[in-house]
Amino acid sequence: MPELPEVETVCRGLQQTIERDTIIHTNVRRADLRIPFTPTLAADTQNQKVQTIRRRSKYALLDLANGKTLVIHLGMSGRVLVTEPDQPITLEKHDHFVLKFESGRHMIYTDARRFGMIFSHDTQTLNDHKLFTNIGPEPLSNHFNSDFLFKALQKRKSNIKAALLDQKLVAGIGNIYASEALYEAGIHPQRISNTITQDECASLYRSVCDVLSRAIDAGGSSLKDYKHADGNMGYFQHNFAVYGREDEQCRANCACGGKGRVQKIVQSGRSTYFCATKQV
DNA sequence: CGGTACTCCTGAAGGC
DNA sequence: TGCCTTCAGGAGTACC
């Protein structure tokens, strides 16, 4: 389930492999993923040099020499694989989009559930695209801080978990890191946003940054030897404190002393994991 | 306009 | 063993 850290890891992997390489062939293998591929996608990308690779929220952005940006969203099962130069490829059922590069490398986008998105758009006006206009600040940038978070939460009556998931408030946080950040901050996921105090906001802000940064670091170390793995980027070994650990014992360093068990509830149709002793 | 429920999709996992 | 049901979730849309 790629969230900000996983997409960041993918972008770094792409920077190490295909940045400044030139796309010599684009193979669009079906009509759509979650939304249709841009009709001009192949024409927009073929024979173009990839100048810059960057990330915004959960989107990987490949800026091309012709002023277009190739936008890639991994949805929930999307994967990106970059081969070694001249390594033969075998395309399979869920390989929906393939770029061939001058270097002889291939970039293969695989997405079994097709919740992802791939489209091209003018780089200059990408921020005006409807998928980008309402995205909140990057959590690890100067535009996001404790005060910003407090002011935003003051206006909201939804529970804090739903607020963290709302991309309009802050970009890139998904279901996993929302649970993890609330756990670390000691804030109960069912707390109503506008009851979170300024002090709690300071703690939550720190936790959001810490949880995301640690995951990015973990992704970075997994990338170092990607050549020895299969070239699949963005998925790496995680060690979550609560996510996916229903009924399992809390960690020894938990505020409950490791005596409690991780609980699971459903909020807005999404699983939330927490420790009822630590999080109040 | 804020909040919530529903929708898309397919593979994995669990029940019987 | 095999069929069926349920679950996973990012983000848009519909609706109150």
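Computed from a predicted model, the values in this text were never measured in an experiment. Quick note on labels: first sequence line is chain A, next is B, and so on, each numbered from 1. As a basis for the values below, the full set of heavy atoms in this structure was taken, side chains included, without hydrogen atoms, waters or symmetry mates.
Between atom NZ of residue A:K161 and atom OG of residue A:S179 there is a gap of 5.0 Å, rounded to the nearest 0.5 Å. With rounding to the nearest 0.5 Å, the separation of CZ in A:R251 from SG in A:C256 is 11.5 Å. Interatomic distance, OH of A:Y183 versus SG of A:C254, reported as 3.0 Å (0.5 Å rounding).
Rounded to a whole Å, the CD1 atom of A:I35 is 14 Å from the P atom of B:dC9. As a whole-Å value, the separation of A:F119 CZ from C:dG12 C1' is 13 Å. One atom, CZ of A:F240, and another, C1' of C:dA8, lie 14 Å apart when rounded to the nearest Å. Separating the CE atom of A:M76 from the P atom of C:dA8 is a distance of 9 Å, rounded to the nearest angstrom. Whole-Å rounding puts the A:N134 CG to C:dA11 P distance at 12 Å. One can place CD1 of A:I265 at 17 Å from C1' of C:dC7, the figure rounded to the nearest angstrom. For A:L74 and B:dC8, the CG to P distance is 22 Å, given to the nearest whole Å. The separation between A:I135 atom CD1 and C:dG10 atom P is 14 Å, rounded to whole Å.
An OP1 or OP2 oxygen of B:dG11 is reached within less than 4.0 angstrom by a side-chain nitrogen or oxygen of A:K93. For the OP1/OP2 pair of B:dC9 and a distance below 4.0 Å, the side-chain nitrogens and oxygens of A:H94 include no atom meeting the criterion. Between B:dG3 and A:K155, no contact under 4.0 Å exists linking OP1 or OP2 to a side-chain N or O. Applying the 4.0 Å criterion to OP1 and OP2 of B:dG2, one finds that A:K168 has every side-chain N and O outside that range. For the OP1/OP2 pair of C:dA8 and a distance below 4.0 Å, the side-chain nitrogens and oxygens of A:S271 include at least one atom meeting the criterion. Listed pair A:K161 / B:dG3 fails the phosphate criterion, with no side-chain N or O lying under 4.0 Å from OP1 or OP2. Here A:R114 reaches the OP1 or OP2 of B:dT10: one of its side-chain N or O atoms lies under 4.0 Å away.
Between the side chain of A:T17 and the backbone N or O of A:L14, at least one donor-acceptor pair lies under 3.5 Å. Proximity of a side-chain donor or acceptor of A:E6 to a complementary backbone N or O of A:E3 within less than 3.5 Å is detected.
The side chain of A:N175 lies closest to C:dG10 when the candidates are C:dA11, B:dC9, C:dG10. Among C:dG12, B:dG3, C:dG10, the nucleotide with an atom closest to any side-chain atom of A:Y59 is C:dG12. Checking C:dT13, C:dA11, B:dC9 against the side-chain heavy atoms of A:R270 singles out C:dA11 as nearest. The side chain of A:R113 approaches B:dT10 more closely than any other nucleotide in the set B:dG3, C:dA11, B:dT10.
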